[in-house]
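Worksheet: the structure to be examined is printed underneath.
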Amino acid sequence: MSLRNELEQRVSAWAEKNFPGLVNEPWVRACADERHGHFQTHLAMVAAKATRQNPRELAERLARECPPPEGWEKPSVAGAGFVNYRVGPEALGRAVDTLRKDSRLGVPSVSRPESIVVDFSSPNIAKAMHVGHIRSTLLGDSLARLLHKLGHRVTRVNHLGDWGTQFGKLLLAYRAAGRPPIEADQAIDQLEDFYKKGHQATEADPAAMEQARAELAALQNGDPERLQDWRLFCARSAEHFRRIYERLGISFDAVRGESAYHEDLPGVVRELLDRKIAEVSQGAVVVRNTSISEEPYLVQKSDGAYLYATTDLAAIRYRTGEMKADRIIYVTDARQQLHFRWLFDTARRLGCRAELEHVWFGTILGPDRKPLKSRDGTPLKLTDLLHEASERAAEILRNKRPDLAPTALREKAELLGIASLKYADQLPNRNLDYVFTWEKLLAFDGNTAPYILNAYVRTRSILRKAGLSQPPEAAVKISQAEEEVLARHLLRFGDAVELATNDRRPHHLCGYLYELAGQYHRFFEACPVLQLPALRDSRLTLVFLTGEVLREGLSLLGIPTLEEM
RNA sequence: GCGCUGUUAGCUCAAUCGGAUAGAGCAUCUGACUUCGGAUCAGAAGGUUAGAGGUUCGAGUCCUCUACGGCGCACCA
């Protein structure tokens, strides 16, 4: 249990006993300014307001009647009615000893695990993955890791765009070209090219548009030749996705695209109509709810075709049924907020009991503050992004580590480049648009993956020199300010993981890890580890634990560590 | 027009869902390498939190209004 939690239990018990009516919230938090103390509670001020008592007097009473755990200093009252607490060095040492023996590093397990589907990434068949997919892919992956860590049963789902109207145009141009073979190594370029041609043709000529619709209809009605083409497109695209996910270290439990629900769609619409949830309007089938918007929600077009609303409804049914999901988390960009409000509302009216969540994120902007594009105006391809990341890292490594052999350098550059990219993307609050620059994304100073990895590498280096793979058994003795700050921060790891998970915002974890790395660097400057026999074992334990927490924390962000860099 | 969302240091971002004197990095300036990895550390400077009201012990955070920006609003996903 964290230090904060230990104190929290006492304070909330006191609150429960004396002010049973107060809503239960975390009463104890770390002081923003450590000159006041290590932890503080504002309980007295809240209780005073509720019962019209004097906050200072209540704070005095709280400090008197509710002592902190053994080994803490006597609490003090300050300000308008804060009660401040300090952990003594012995109690802190004991807490670190406990943390060392905890394989979860202080991360709690939820009392009631849920089955959670995390729906993320979702690229489109026959198109290259581009910057537009990066935030969903990384954020979804991190959320899945975090939820799993807290003890939930997580199913990672890739809901591929494999059945949309784009296939009409693609088939049109592909078949006009005589259905040439699609080469594995440049499949995506070829397919995008066909799509572009098909798109241009339909833009220019209404008759071509009709043909494209006919192609799509033929495919969706199961024409064998078109199905065969479509399967080829899917297989080639899957190979492209696989390469990118492999470089990113991301995996899925279920790759189940829109096509998987194709046959369920008529049933979904029929049920909506039968149960009077939907109605026919101007030949289309729509759901109405003016508390969401004046415009209705379209579930079937007037020409009989279905929409992604319909597919998503079918997918919810599958996930809550076959997959037994208690909760579905969708990770998409902000523009789909209205869609998901409609989707969730409609699903609930259909009787869906599972919790439905839309975790949305902002746009990646270029230096001109407009959505990021490559030089030719098309979306920046992920393949190019990863290549550039790796190249820039290699360039830096060539300067810093001229001793490395080319293959080792390549390997480290790949890890560092992709780690930097992943970290930089997850650092800003997901709700904000953020400005992308190569300099920032691949920066190696400041709040970056290399800075944190460097702290980790230093822990490994010391442990190697000490000849240790496990921490020593001796008790931890806190003798210096830098040790104390480091130790207390190590004990907050569980709080940081919980916050990042419950808030669905991994950037909180970035902040925690950056601070930890900084504190370790300061400890490193101020506290010799190997030279002082009396403190050696104790400090080695702090070094070891710092490494463990850094590695675990980075891993929850999908970032692997390395032993030296 | 309606809705969602944003505006914090020159720039890029934080601030533990209302807590104490708003913090980092980059850029600028000044220091620290015969010591466990200098991809580091110490320090300086930088702010009317877009503006105006309100709520209360206490507001960057909540409510109202205003200004400016992004996005979304029936047959794309």
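All chains are named by letter (A, B, ...) in the order of the sequence lines, taking the proteins before the strands, and each is independently numbered beginning at 1. Note: hydrogens, waters and symmetry copies are ignored here, and every other heavy atom, side chains too, is used.
- Nucleic acid contact class of A:Ala334 (heavy atoms, under 4.0 Å, all strands): none.
- Across all strands, A:Tyr308 comes closer than 4.0 Å to base atoms (heavy-atom distances).
- Judged by a 6.0 Å distance limit and a 45° cone about the ring axis, A:Arg4 is not positioned over the six-membered ring of A:Tyr85.
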Given side-chain contact (heavy atoms from CB on, under 4.5 Å), test A:Tyr434 with A:Arg135 step by step and report yes or no. CA-CA 11 Å; A:Tyr434 77 85; A:Arg135 288 188 98 173; 3.5 Å; yes

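- For the pair A:Arg460 and A:Glu564, the salt-bridge criterion is not met [side-chain N within less than 4.0 Å of a carboxylate O].
- Listed pair A:Tyr512 / B:A24 fails the phosphate criterion, with no side-chain N or O lying under 4.0 Å from OP1 or OP2.
- The separation of B:U48 from B:G10, taken at their P atoms, amounts to 8 Å, rounded to a whole angstrom.
- Counting to the nearest Å, the C1' atom of B:U40 and the CD atom of A:Gln519 are 15 Å from each other.
- Pairing of B:A44, defined by two Watson-Crick or G-U wobble distances under 3.5 Å, is identified with B:U28.
- In summary, the side chains of A:Arg492 and A:Tyr512 do not present any donor paired with an acceptor at a separation below 3.5 Å, with no hydrogens or angles considered.
- As rounded to the nearest Å, B:G6 and B:G18 have P atoms that lie 14 Å from one another.
- In a base pair of the Watson-Crick type (N1 to N3 plus N6-O4 or O6-N4) or a G-U wobble (N1-O2 and O6-N3), with each distance short of 3.5 Å, B:C71 is matched with B:G3.
- Nearest-nucleotide positions on RNA chain B place A:Val46 closer to the 5' end than the other of A:Val46 and A:Pro528.
- Of the nucleotides present, none pairs with B:A14 by Watson-Crick or G-U wobble criteria with both distances under 3.5 Å.
- Counting non-hydrogen atoms under 4.0 angstrom, A:Gln282 reaches a base of the nucleic acid.
- Judged by Watson-Crick or G-U wobble contacts below 3.5 Å, the nucleotide B:C65 has B:G51 as its partner.
- Only the C1' atoms considered, B:A44 is 26 Å distant from B:A20, to the nearest whole Å.
- Between B:U28 and B:C11, the distance separating the two C1' atoms is 13 Å to the nearest Å.
- At the heavy-atom level, A:Ala32 lies under 4.0 Å from base atoms of the strands shown.
- A cation-pi geometry, defined here as NZ or CZ lying under 6.0 Å from the six-membered ring centre and within 45° of its normal, does not hold between A:Arg29 and A:Phe39.
- As the counterpart of B:G60, no nucleotide is assigned, since no Watson-Crick or G-U wobble pattern has both distances under 3.5 Å.
- In this structure, A:Pro428 reaches the sugar-phosphate backbone alone: every heavy-atom distance under 4.0 Å involves primed, P, OP1 or OP2 atoms, never a base.
- Among the heavy atoms of the strands lying under 4.0 Å from A:Ala30 is at least one base atom, whether or not backbone atoms are also near.
- Of the charged side-chain nitrogens involved, at least one lies within less than 4.0 Å of a carboxylate oxygen, so that A:Glu484 and A:Arg488 count as a salt-bridged pair.
- For A:Arg335, whose side chain is taken as the heavy atoms from C-beta onward, the closest listed nucleotide among B:U21, B:G19, B:G72 is B:G72.
- Interface remark: the A:Thr165 side chain does not form any donor-acceptor pair with the B:A77 base, using a distance-only criterion of under 3.5 Å.
- A:Phe524 comes within contact range of at least one nucleobase, with a heavy-atom separation under 4.0 Å.
- Here A:Arg369 reaches the OP1 or OP2 of B:U12: one of its side-chain N or O atoms lies under 4.0 Å away.
- Side-chain contact, A:Glu258 with A:Thr311: no donor N or O sits under 3.5 Å from an acceptor N or O.
- Of the listed nucleotides (B:C36, B:A74, B:A20), B:C36 has the atom at the smallest distance from the side chain of A:Leu530.
- Using a 4.0 Å heavy-atom criterion, one finds that A:Tyr434 contacts the sugar-phosphate atoms exclusively.
- Checked against B:C76, B:G37, B:A42, the side chain of A:Arg401 finds its nearest nucleotide in B:G37.
- When Watson-Crick and G-U wobble pairs are counted only if both distances are under 3.5 Å, B:C36 pairs with no nucleotide at all.
- Put simply, the side chain of A:Asp503 and the base of B:C17 share a donor and an acceptor less than 3.5 Å apart.
- Rounded to the nearest Å, the gap between the C1' atom of B:U61 and that of B:G19 is 11 Å.
- Only the P atoms considered, B:G51 is 42 Å distant from B:A39, to the nearest whole Å.
- For the C1' atom pair drawn from B:C63 and B:U56, the interatomic distance equals 13 Å after rounding to whole Å.
- Between the base of B:A22 and the side chain of A:Asp33 there is no donor-acceptor pair shorter than 3.5 Å.
- Candidate nucleotides B:A77, B:G37, B:U40 were compared by shortest atom distance to the side chain of A:Glu525, and B:U40 ranks first.
- Base engagement by A:Asn84 is indicated by at least one non-hydrogen atom pair under 4.0 Å involving a base atom.
- A:Ser281 comes within 4.0 angstrom of a nucleotide base, judged by non-hydrogen atoms across all strands.
- When distances run from any side-chain atom of A:Asp433 to the nucleotides B:C57, B:G70, B:C41, the shortest one goes to B:G70.
- With centres under 5.5 Å and a plane angle under 30° as the test, the ring of A:His507 is not stacked against the base of B:A14.
- Between the side chains of A:His339 and A:Asp312, at least one donor N or O sits under 3.5 Å from an acceptor N or O.
- The residue A:Ala78 sits close to a base: some heavy atom pair falls under 4.0 Å.
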